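Structure record follows, encoded as structure tokens.
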Amino acid sequence: MNYIKQSVLLLASTMVLMSFSDHDKDKRAKKDQHETQTSAKKYWPNGAQLVISVSMQFETGGQPEGAESPFSGTPLPKGQPDLPAESWYRYGGNEGIYRMLDLWKKYDIKVTSHVVGTAAEKYPEVAKAIANGGHEIAAHGIAWDNQWNKSYADELNFVKQGVDVVEKITGKKAVGYNANWLRRGPNTLKVLQELGFLYHIDDLSHDEPFITKVKGKNFVVIPYTLRNNDIVNIEGKHWSPDQFLNQLKFEFDRLYEEGASKRRMMSISFHDRIGGTPAMMHAMEEFIKYTKEKQGVVFMRKDDIAKMVMNDPDTPVDNSEEKFNK
């Protein structure tokens, strides 16, 4: 009988000790999680572990004759209108942008929209809808055209025309810039600085914002992406939306992990006629849900990012293009 009592007491004691052990483990886990979250705060001024910024390019109606499309492999003779290609572009203004705006609104996400001037002229209601949704109106030139081969004066006029047209329609003056296919020239950053721009995105060299010097003054670079870009992967490589989703998840997982010990930013790019399709927006919604499983993930407009890091002493400086920016 005494043996049974001793066994019961021993069992009860063991259970109590196990309970304390589990409690201690929980406390240690919570402490480790808190320390991880706290340590991440020093890398972004807003305490994020990972900042995600979405570009929503509005280009419908700004494309030149013969612009790339699903029909580019069999171009029509010069001067012959390519009606199916033009209808493919119109999809962006008729459907794509509005579908994206609905998704951003559903999850209270603000994005940056680089708007081609002639696109805003042809679809003013679309440009206004973007601005009225609280999204950043950024510049993308007056039309699709090269800038690298323009004189300083011509390039300045080209950029300014686009800014003025879009501002007149939306009431928003752009402070961020994206050149056609990123193909800026040696004078581009000096032109942007003269026109009062805060940042540009035509750079692939970092996974975080950085400062470059233009005529001795700070100019912010918010790196763009080709890896998470619909026009490159969906239209160019013919990925399926689920392949694109997996790319976003893989990129997110690694950058989020790195974000515990350094400043990390994830860039995603959608174009009105490509990213605004039903399947692509379904993929993006799945990705948004995926990011919400983690703490410290913040979606931000690029102008807000630029303002936040502009005078932050922790923002790196990279003057790799110094010879062009003097």
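Here the structure is a predicted model, which is why all the values come from computation and not from measurement.
In this structure, T315 contributes its side chain and V309 its backbone to a donor-acceptor pair below 3.5 Å. Looking at W88, its side chain never comes within 3.5 Å of a backbone N or O of L83 through a donor-acceptor pair. Without hydrogens or angle criteria, D202 side chain to A179 main chain gives a donor-acceptor distance under 3.5 Å.
The CD atom of Q49 lies 8.5 Å from the NZ atom of K294; values are rounded to the nearest 0.5 Å.
Applying the side chain to side chain contact (heavy atoms under 4.5 Å, CB included) criterion to S53, with sequence neighbours excluded, gives K302, I305. Residues passing the side chain to side chain contact (heavy atoms under 4.5 Å, CB included) test with W148, sequence neighbours excluded: N146, R183. Checked against side-chain hydrogen bond (donor to acceptor under 3.5 Å, both in side chains), E322 has no partners two or more places apart in sequence or in another chain. For H206, the side-chain hydrogen bond (donor to acceptor under 3.5 Å, both in side chains) partners are D318, not counting sequence neighbours. In this structure A127 satisfies the side chain to side chain contact (heavy atoms under 4.5 Å, CB included) test together with F58, A120, I169, T170, sequence neighbours excluded. Residues passing the side chain to side chain contact (heavy atoms under 4.5 Å, CB included) test with L76 are Q80, D82, sequence neighbours excluded. Taking E257 as the reference, nothing meets the side-chain hydrogen bond (donor to acceptor under 3.5 Å, both in side chains) condition, with sequence neighbours excluded.
Between F270 and F244, the ring planes lie tilted relative to each other; the angle falls in the 30° to 60° range.
The ring-ring contact (aromatic ring centres under 6.0 Å, His included) analysis of residues 282-312, with sequence neighbours excluded, yields the pairs F252-F287, F252-Y290. Among pairs with a residue in residues 188-199, none fulfils salt bridge (Lys or Arg N to Asp or Glu O under 4.0 Å), at least two apart in sequence or across chains. Pairs of residues two or more places apart, or lying in two chains, that qualify as side chain to side chain donor-acceptor pair (under 3.5 Å) and include a residue from residues 216-226 are K213-N218, Y224-N229, Y224-S269. Pairs of residues two or more places apart, or lying in two chains, that qualify as ring-ring contact (aromatic ring centres under 6.0 Å, His included) and include a residue from residues 152-181 are Y177-F197. Among residue pairs with one or both ends in residues 161-174, those qualifying as salt bridge (Lys or Arg N to Asp or Glu O under 4.0 Å) are K160-D164; sequence neighbours excluded.
When the side chains of ILVMFWY residues are joined at heavy-atom separations under 4.5 Å, either directly or via intervening members, L248 and L204 end up in a single hydrophobic cluster. No chain of hydrophobic side-chain contacts below 4.5 Å, direct or via other Ile, Leu, Val, Met, Phe, Trp or Tyr residues, connects L198 to V221.
A 4.5 Å side-chain heavy-atom check between E121 and V165 finds at least one atom pair inside the cut-off. Proximity of N46 to M308: side-chain heavy atoms (C-beta onward) are separated by under 4.5 Å at one or more points.
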